[in-house]
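Computation of the quantities below employed the complete heavy-atom set of this structure, encompassing side-chain atoms and omitting hydrogens, waters and symmetry-equivalent molecules. Here the structure is a predicted model, which is why all the values come from computation and not from measurement. Here is the naming used below: chain letters follow the sequence lines, and residue numbers restart at 1 for every chain.
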Amino acid sequence: MHGHNVFFPIGFDAFGLPAENAAIANGMHPRDWTLANIEGMRRQLRSMGNTFDWSAEIVTSDPDFYRWNQWIFLRLLEQDLAYRRMAPVDWCPRDQVVLAREQVEGPERRCWRCGTQVIKRDLEQWFFRTTAYADELLRYPDITWPAPIRVMQTNWIGRSEGARITFTVAPDGSQPGGDAIEVFTTRADTLFGATFMVLAPEHPLVEKLTHPNQWEEVEAYRDAARHKSEIDRLSADREKTGVSLGSYAINPIDGERIPIWIADYVLLGYGTGAIMAVPAHDERDFEFARRHQLPIRRVVAAPGTEDEQLDGAFIAHTEGERLVDSGSLTGMSAPDGARAITETLRERGLGQSAVTYRLRDWLISRQRAWGTPIPVVYCLGQCGIVPVPDDELPVRLPDDFQLPPQGGNPLETHEGFLHTTCPRCGEAARRETDTMDTFVDSSWYWWRYLSPHKADGPIDRELADRWCPVDQYTGGAEHAVLHLLYSRFFCKALADLDLIAEREPFLRLFNQGQILGEGGLRMSKSRGNVQDPDELVARYGADSVRLFLMFMKPWEADAPWSATGLTGMFRFLNRVWAVTLDAGGTDMPKPAAGAAVSDTGDLRRLAHRTLREVTDDYQGFSFNTLIARLMELTNALTRARGTAAASGADFDEATRLLLLMLAPVAPHITEELWQRRSSAGAEEWQSIHAQPWPAWDPALTAVDEIDLPVQVNGKLRDLVALPPGLPAAEVEQRVMERDKIRAQLAGKELVRVVHVPGRLVNLVVR
RNA sequence: GCCGAAGUGGCGGAAUGGUAGACGCGGCGGACUUAAAAUCCGCUGUCCGCAAGGGCGUGUGAGUUCGAAUCUCACCUUCGGCACCA
């Protein structure tokens, strides 16, 4: 209606565990189960009147789509943005699958799909190197996204600036010394306060650095750490356990010998997996030092507070704080101290400034059959991991796999799929049986919508340049660090592969809310609280249901489903029907006395004002208030029905504008009414959805009379009807003449008159 | 614990410094009808009052302002995110 070309495609994210599990439960191949479901959803979406471009439909489980996942995977592999390595990973014991870090939720570390607590396992897995773009992902140039989403992503990426510092292991009776332990710290200024070191129990240097006398104790601790559950290990209020390795390191700034410990509060996966412990200035180190009687030495203090007793770590930065007890740097401000120490270490080759991120690489392999096969083979000869050549893509999922009754991945036992030959040397080879995380599918699908059948590449560059980035994206906040982060990573990676031009996929993001099940929980089949629109659509019509979904809450808010109020939408549309087709009110009992509308100009003005406001509301996604305004207009027209006013041109224009304004949200009934209006008149019929958006007449939207609120001491006391544009002095004079105001002012002293022209007058009295 | 969002009638919600409660649901009353349904009209925050009118009122308490649901501070509650990140 605004003359833009709009591309509004639809598709089905059809791979994944829910489909696979449901297929198992129903004894079907997941493909058959999925396609049957898609058929149902297509019908349901059409019944709601969604105006998708079905010619561009994508089904991600179709080989024509997933072959390009494989093709992109191979390009990322070439660029070292995809890799395989052994790592401690999150494993969901119920789904029997590994999960990406983003897919493990909450303090109890539960699987995002099934809610089971995950466990850590050391497994060899495939990763995408999202960390390569960590810094760029922190920038959001020229995109209009809700601030909370950006905050969540920023926190998730967790950039922190500091220094890497090398501690050298000291020689002693059992140990020649000389090994380097690298640590990361954000507080280089506290280096003089480092009184011990802590390595993660899994740190590779532990075995080498353990003194023979400590061997047994260290082994026992490492073993316990390995078997401890994730939750136990991560709960922050747990006692800080650890054991000494019996060896020592040299503090690179002052040469002091400090003991080396292992403790499970240091995580292998963050920074370097080792820390310098400064108990005076870090809560965790403080707690650990207290428990194990290690020295606590304060090295930063505000003047005059140096001798205060510490009963906790001193963390907060205070005004004027300076280094104390820090050799030649004593007296320096803390930030200068950090710089000086880092610089000194750099000169000695023992340190440098550094940045660390909380973000981990994206673990994309899944031990399940219903996903995109990862296109590599393991050569049983000499070649190791060999990528499948492009011209052998797609690596197809077999059509006949049997789901093993005991669970697990059927691809591992499918002889036809498993056995192949090495593309490099021709010897026997085994296919990779892991499939890709389904978030891979959703990370680039919108480019594929532009050319879903393109056979010689994933993306039509010319079309992508013309249509992308996506102007308006809609999605839930629950995808903040999942789909929305992965998609930004993909965009940057695909831009570096020169497949697309842009580096951000979605210019404007709107977080629509979710309609929750009764009880306020997310709808899901497993909870059995799914609401099906079919019955409501059959009973009230798609337009009523659509309107109600938009009217019941702000578009961005979550709310539990309740059909209370749906009847209001149905009644509203009935009134629209009545004012459009039966302005004379033949069905009305009889004109209500006193309801006659004499000034049809009022209807005109209301229609034009409504148009102005509704146009604004559409722009701002304020669907609920827009519908309310259309109801007001309809109610005014309803009151004029059956009166002389209803046969006039103003009434006719108002109903015409009403239909046009309503068309985007109630497409079916407005089209029908539009068509009937056209055939009643002489105009040749054209779809209402192809009409230009109407323009309002500024002369009609201008204020013609105001009911000026008059307050006395901020309390509303009167409303004074006035023409607009009256001089301030005259307005005030008229206000003062009002009986009510006189009564209010009687016996009081008028101190001040606040007059906001056109808005109100406030009389301040004493 | 840290970060973020929110708290308004019986219910969903409107109003982002200027008439609190638009619009809808529900409720009450009326018209039409033999009757009911549907439809249409009116009323509906709360307390006092026959009325005119007035008091109170946006989680709680303070503050800024002529004026606060809206801004500031503290607190309470709910929801979402993070979880020893050095």
> Determine the contact category for A:Arg575: base if any of its heavy atoms lies under 4.0 Å from a base atom, sugar-phosphate if only primed atoms, P, OP1 or OP2 are that close, otherwise nothing.
sugar-phosphate

> Between the side chains of A:Thr130 and A:Tyr357, does any donor sit under 3.5 Å from an acceptor?
no

> Determine the interatomic distance between C1' on B:rU8 and the same-named atom on B:rG13; round to the nearest Å.
9 Å

> What integer number of Å spans the C1' atoms of B:rC25 and B:rA14?
15 Å

> Any side-chain N or O of A:Arg759 under 4.0 Å from OP1/OP2 of B:rG17?
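No, because none of the side-chain N or O atoms of A:Arg759 sits under 4.0 Å from OP1 or OP2 of B:rG17.
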
> May I ask you to list the residues of residues 146-165 of chain A, by number, that have any heavy atom positioned under 4.0 Å from an atom of RNA chain B?
A:Pro148, A:Val151, A:Met152, A:Asn155, A:Trp156, A:Ser160

> Would you measure the distance from the C1' atom in B:rG54 across to the matching atom in B:rA38 and give it in whole Å?
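The answer is 42 Å between these two C1' atoms.
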
> Are A:Arg734 and A:Glu732 ion-paired here, with the side-chain N under 4.0 Å from a carboxylate O?
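No, no charged N to carboxylate O under 4.0 Å.
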
> Taking B:rG12 as the reference, what is the distance to B:rG27 when you measure between their C1' atoms (whole Å, please)?
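Those two atoms are separated by 16 Å.
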
> With P as the reference atom in both, quote the distance from B:rA69 to B:rG7 in angstrom, rounded to an integer.
14 Å

> Would you say B:rA86 has OP1 or OP2 under 4.0 Å from some side-chain N or O of A:Arg284?
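So the side-chain polar atoms of A:Arg284 never come under 4.0 Å of the phosphate oxygens OP1 or OP2 of B:rA86.
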
> Quick one: is B:rG53 close enough that its OP1 or OP2 comes under 4.0 Å of any side-chain N or O from A:Lys740?
yes

> Considering residues at least two apart in sequence or located in another chain, which fulfil the side-chain hydrogen bond (donor to acceptor under 3.5 Å, both in side chains) criterion with A:Arg488?
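Counting only residues at least two positions away or on another chain, A:Arg488 forms a side-chain hydrogen bond (donor to acceptor under 3.5 Å, both in side chains) with A:Gln153, A:Glu504.
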
> Has A:Arg291 got more than 12 heavy atoms of other residues, nucleotides or ligands less than 6.0 Å from its CZ?
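Yes.
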
> Take A:Gly714 and A:Ala559, find for each the nucleotide of RNA chain B with the closest heavy atom, and name the residue whose nucleotide sits nearer the 5' end.
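Nearest nucleotide further toward 5': that of A:Ala559.
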
> For RNA chain B, what string of dots and brackets results from 5' to 3' when Watson-Crick and G-U pairs need both distances under 3.5 Å, crossing pairs get [ ], and pairs with another strand get |?
(((((((..(((.....[....)))((((((.......))))))((((....))))..(((((..]....))))))))))))....

> When the P atoms of B:rA74 and B:rG1 are considered, how many whole Å apart are they?
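After rounding to an integer number of Å, I get 15 Å for this pair.
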
> Does the side chain of A:Thr241 come under 3.5 Å of the side chain of A:Tyr265 through a donor N or O and an acceptor N or O?
no

> Choosing from B:rC40, B:rG24, B:rG13, which nucleotide comes nearest the side chain of A:Met631?
B:rG24

> Would you kindly compare A:Gly269 and A:Met552 by the position of their nearest RNA chain B nucleotide and give the one closer to the 5′ end?
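Result of the comparison: A:Met552.
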
